Structure formats: structure tokens, C-alpha cells
2 protein chains.
Amino acid sequence: MAAPIYLQIKDQMIEEIQQLSANAPILSERDLAVKYNASRMTVRKAVNELVDEGYLYRDSNKGTFVADERLHKRNTSVDPFAEERPIKYKILYFDIKATSSKDVQDRLFISSEESVLRIVRVAMFEERPQSIEEIYFPRLSIPDEDLGNFKKLLDFNSYIAHGSLSQTFVPIIVPPQYAHLLKLKINTPIILVENVITSKNGKPLLYMKVFNNPNEKVIEMTL
Amino acid sequence: MAAPIYLQIKDQMIEEIQQLSANAPILSERDLAVKYNASRMTVRKAVNELVDEGYLYRDSNKGTFVADERLHKRNTSVDPFAEERPIKYKILYFDIKATSSKDVQDRLFISSEESVLRIVRVAMFEERPQSIEEIYFPRLSIPDEDLGNFKKLLDFNSYIAHGSLSQTFVPIIVPPQYAHLLKLKINTPIILVENVITSKNGKPLLYMKVFNNPNEKVIEMTL
DNA sequence: AAGTGGTCTAGACCACCGC
DNA sequence: CGGTGGTCTAGACCACTTT
């Protein structure tokens with residue numbers, strides 16, 4: 001099954017846009033339709049997505065123009081779920097335990113009797129610690145046969161594809177037991193990102209606390 | 001000039017969605033087209049926007065359903081630009097000065113000789129300090145007659161409508177001179193949000209540093 | 001077989017802009 | 001005036017799921 005036409009057009013346009021300089025006009029939608037031998041609505045769908053992603057901008061009644069590269073939409077706070085660099089993980093804990101802490105109960109909507117699968121790991125890039133991640137799954141939502149399947153358990157992108165991601169940013173002093181793991185001085189302020197992935201029907205799938213090393217990871221977004 | 005049909009449909013659908021419970025199915029696109037006496041493509045545009053905003057979710061080949069309210073897309077980190085609560089501002093500084101600090105020069109792309117318009121203010125909600133905002137404009141980009149026009153200068157939404165917003169989140173210890181203004185103890189960790197609004201053609205319009213009071217403002221987003 | 005969302009077409013009219 | 005993006009229509013075919 002071939003990719004939809006509008007996606008093929010979009011890919012071609014991205015390549016051509018990259019050859020142009022900022023603020024250069026692109027062809028009008030009617031001309032693009034001729035060029036790609038498609039209907040105007042189809043090329044318009046491709047252009048709309050490129051505008052949404054910050055590759056292009058429109059000026060009504062005038063035309064469509066190449067956007068400055070710095071204006072491309074991005075969000076590094078979701079990078080834990082779409083990291084482009086080769087990250088290696090060092091596992092600190094991997095266990096099933098009763099739900100001890102209240103934040104885990106609250107975020108996963110489970111009682112103190114229910115147990116959770118916990119994974120705690122350090123994300124390393126070239127020997128430099130990027131962050132420490134505490135990941136909690138409701139034990140009951142994981143089939144027994146998947147318990148040892150790290151690849152499947154930690155395939156965040158597939159969770160997000162079927163769900164929704166909520167993030168909270170909390171300023172804290174780095175916890176003492178994590179300071180040396182992150183190679184930070186004690187009393188260093190850091191940002192703790194609390195992530196909850198919820199399936200479309202509203203059931204929490206996982207809760208993940210990310211203690212970010214501010215010297216390595218800059219949280220930024222363009223919207 | 002009346003609003004576009006798809007926006008009228010969208011507004012009506014929002015009201016009807018609010019009467020439904022999570023995961024309830026809505027009418028199919030073809031039935032919606034009949035109901036609203038519009039073409040399927042038009043109702044589809046309305047539905048698409050509601051899906052993008054998190055009001056609905058689609059399940060391919062099955063139908064479209066009401067999303068859990070907690071999954072509505074939002075982002076309180078841009079609240080300085082779309083604050084829903086009645087915020088009062090106390091001005092601390094309002095002056096034109098040489099560009100002293102390097103971060104301002106770098107973010108606004110101006111040299112140390114150029115001057116900037118600076119506004120420093122405390123955002124208060126019911127006597128409680130929410131944040132301190134340091135706002136810098138390139139002096140040259142502001143017409144003389146607008147210099148005293150606070151409403152126009154600080155109408156962030158109009159900037160964003162013609163531009164793009166970039167944000168960086170930096171964990172810091174609250175600066176001592178701001179600690180008492182925010183009613184925080186010294187050494188409290190806070191999140192400094194650095195905002196740059198850039199016009200579509202790439203020119204920086206303003207640079208704004210927001211020192212958030214973590215006891216008052218929670219930065220969270222659902223995406 | 002019937003129904004769903006996903007894609008696509010070939011037109012059309014509008015408001016607005018620059019010439 | 002001609003060109004632009006913005007909206008809208010009335011069809012169509014597809015892959016897929018449910019009955």
C-alpha cells in the first residue's frame with residue numbers, strides 16, 4: 001500500500017524547501033496542484049501540515065513563504081519519548097512492589113493494595129548522565145508474558161500513538177541520592193518532569209518521573 | 001461577515017459534546033453532514049479540529065468518540081500570554097536603557113550599543129504574587145507614539161498571531177532580590193521560563209523572562 | 001453486506017491584496 | 001484587474017471492522 005498522495009507531496013516539498021532561503025515565496029496552491037498533478041485540496045493538505053510544523057507560513061491573500069528554520073515546531077520535553085541521540089540506559093531497579101508513594105497511586109488511579117511494576121534507570125549519552133527516570137506501570141495492566149519484554153514495555157511511542165501525554169514541570173533541589181548519579185553538586189536546582197500517558201479511553205498506562213540534568217538537557221519548545 | 005460554517009458546527013458540537021460522557025460515540029461524519037446540512041468535508045474539518053484539541057478521538061473504521069476531559073490539550077506555560085484569571089500587575093521598572101546583559105543581546109539579535117525598552121512587573125492574583133516578568137523590546141522596533149501605550153505594547157496575543165513563540169525552561173534558585181517579592185524563602189528552586197516571540201519573517205519582537213512562583217503556578221501541558 | 005474514517009477530485013465562490 | 005489563500009460542495013474509491 002502506497003503512502004497517501006499528500007504525504008508524498010509533503011516529503012517532496014520538504015526537500016525543496018530546504019533548498020530555499022527564509023521568506024522566499026513558494027508556488028501558489030493552484031500552481032502546486034499542476035506541478036504535482038493533484039487537486040488543489042490535496043496539495044493544500046500537504047501545505048497545511050507544513051505550516052503547522054513550522055516549515056512554511058502563510059500571508060493571507062499574498063502567498064505562502066519559507067519559514068526561518070528557528071521557527072520549526074519542536075518540544076524537547078517529549079524527547080524522552082523521541083530521543084534522537086543514541087542513549088544508553090543503566091538499570092537501577094526493576095521490580096514489582098506495593099504502591100508505596102501517594103503520587104504513584106494518584107497518577108495511576110490505583111489503590112495502595114495494588115502493586116506496580118517499577119523501573120528506575122539512568123539515561124546516559126557518551127558517559128554523561130542525562131536524566132534519571134522512574135517509571136511505574138499498573139501491574140494488572142501488563143500481561144505476564146510481557147513482564148520481561150523491555151523493548152515492548154518501554155516503547156513509549158506506541159503508547160503515545162494510542163494515548164495522550166500529560167506533563168507537569170516541578171522545580172526541585174536534586175535529591176541527594178541522585179546528585180552523584182547525575183554528577184551534580186548537592187543543592188543544585190533541577191526540573192522534575194512528571195509524565196502520565198493515558199489511553200484514549202482515559203485509563204492511565206504509565207507514570208514516569210524524569211529528573212533532568214540541567215547541564216545536559218535543555219527543555220525548550222517552539223509553538 | 002458570518003463565521004465559516006465549519007466553525008459554527010464546531011461550536012455547536014462542543015456544546016453537545018459537553019452533555020455526553022467520556023467514550024460515548026458521536027454521529028458518523030456522514031450523519032453529521034446531514035444533521036448540519038453541510039458537506040462531509042466541512043463537518044470533517046470541524047471534527048478534525050476537535051480531535052486536535054482533545055475533545056474527541058477517532059478509532060479508525062469504528063467511529064469517533066468523546067475524549068476524557070483530562071485529555072483536552074492545554075499548556076499553562078503559555079499562560080502569561082493567555083491568562084484566564086484576573087491578574088493585576090505591579091510595575092517595578094519601565095525604562096529605556098542600553099542593552100547591558102548578554103542574554104538580552106543574544107535573544108533579540110541586537111548589539112550592545114542598541115537600547116531596549118524594559119518593563120519589569122509582578123503578576124498578582126488576589127494579593128498573591130504569581131510571577132515576576134522581565135520584558136525587553138528592541139527600542140528601534142517600537143514607534144515613538146506607542147512608547148506609552150501599555151495595552152498595545154503588552155498585547156501578547158497579537159504578537160503571537162503574527163509570530164512564533166519559543167520557550168526555554170531553566171531551573172534556578174530564586175534570585176535573592178526576587179525572593180521576597182514572590183514571598184518565597186531564599187534558596188527556593190524555581191523555573192525560569194525564557195520566552196522569545198519572533199515574527200514570521202524571523203525578526204525577534206520581544207524577550208521575556210518569567211520567574212514563576214512554584215506555589216502559585218503549576219506548569220503543565222497535555223499533548 | 002453495511003458502515004466507518006481516510007483520501008481524493010474538479011469544480012466553485014468569497015474577501016482581500018497589489019498593481 | 002488578476003492572483004492569493006479560505007471555504008465549500010457533491011460526489012467518489014479505498015481499507016478496514018463489525019454484524
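Bear in mind the structure is a predicted one, so any value in this text is a computation, not a measurement. Heavy atoms only: backbone and side chains are in, while hydrogens, waters and symmetry mates are out.
Of the side-chain N and O atoms in B:Ser28, one or more sit less than 4.0 angstrom from OP1 or OP2 of C:dT4. Put simply, A:Thr64 has a side-chain N or O that comes within less than 4.0 Å of OP1 or OP2 on D:dG5.
The interatomic distance linking B:Tyr57 (OH) with C:dT4 (P) rounds to 16 Å, in whole Å. Nucleotide D:dG5 holds its P atom 7 Å from the CZ atom of A:Arg30, rounded to whole Å. Computed from coordinates, the A:Leu56 CG to D:dG5 P distance equals 11 Å when rounded to whole Å. Note: CG (B:Asn48) to P (C:dG5) measures 11 Å, nearest angstrom. Separating the CD atom of B:Gln8 from the P atom of D:dG6 is a distance of 19 Å, rounded to the nearest angstrom.
Aromatic ring pairs are classed by plane angle as parallel below 30°, tilted from 30° to 60° and perpendicular above 60°; the pair A:Phe169 and B:Phe169 is parallel.
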Distances for protein N/O vs nucleotides 7-10 of chain D N/O pairs under 3.5 angstrom?
{"residue": "D:dT7", "atom": "OP1", "partner": "B:Tyr6", "partner atom": "OH", "Å": "2.8"}
{"residue": "D:dT7", "atom": "OP2", "partner": "B:Lys45", "partner atom": "NZ", "Å": "2.9"}
{"residue": "D:dC8", "atom": "OP1", "partner": "B:Ile5", "partner atom": "N", "Å": "2.2"}
{"residue": "D:dC8", "atom": "OP2", "partner": "B:Tyr6", "partner atom": "N", "Å": "3.2"}
{"residue": "D:dT9", "atom": "OP2", "partner": "B:Ser39", "partner atom": "N", "Å": "2.9"}
{"residue": "D:dT9", "atom": "OP2", "partner": "B:Ser39", "partner atom": "OG", "Å": "3.0"}
{"residue": "D:dT9", "atom": "OP2", "partner": "B:Thr42", "partner atom": "OG1", "Å": "2.5"}

Measure all distances between protein nitrogen or oxygen atoms and nitrogen or oxygen atoms of nucleotides 16-19 of chain C, and list the pairs falling under 3.5 Å.
{"residue": "C:dC16", "atom": "O4'", "partner": "A:Asn61", "partner atom": "ND2", "Å": "3.4"}
{"residue": "C:dC16", "atom": "O3'", "partner": "A:Asn61", "partner atom": "ND2", "Å": "3.2"}

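Under the 4.5 Å side-chain criterion, counting only non-hydrogen atoms from C-beta, B:Pro25 is in contact with B:Phe65. Residues A:Val193 and A:Lys217 have side chains not in contact (no heavy-atom distance under 4.5 Å, counting atoms from C-beta outward).
At a threshold of 4.0 Å, the pair B:Lys10-B:Glu53 counts as salt-bridged, since one of the basic side-chain nitrogens sits closer than that to a carboxylate oxygen. One finds a salt bridge joining B:Asp106 and B:Lys102 here, because a Lys/Arg side-chain nitrogen approaches an Asp/Glu carboxylate oxygen to under 4.0 Å.
With B:Tyr6 as the aromatic partner, B:Lys45 meets the cation-pi criteria of under 6.0 angstrom to the ring centre and within 45 degrees of the ring axis.
A donor-acceptor pair under 3.5 Å is absent between the side-chain atoms of B:Asn195 and the main chain of B:Ile197, judged by distance alone. Listed for the A:Gln8 side chain is a donor-acceptor partner under 3.5 Å among the backbone atoms of A:Ala3.
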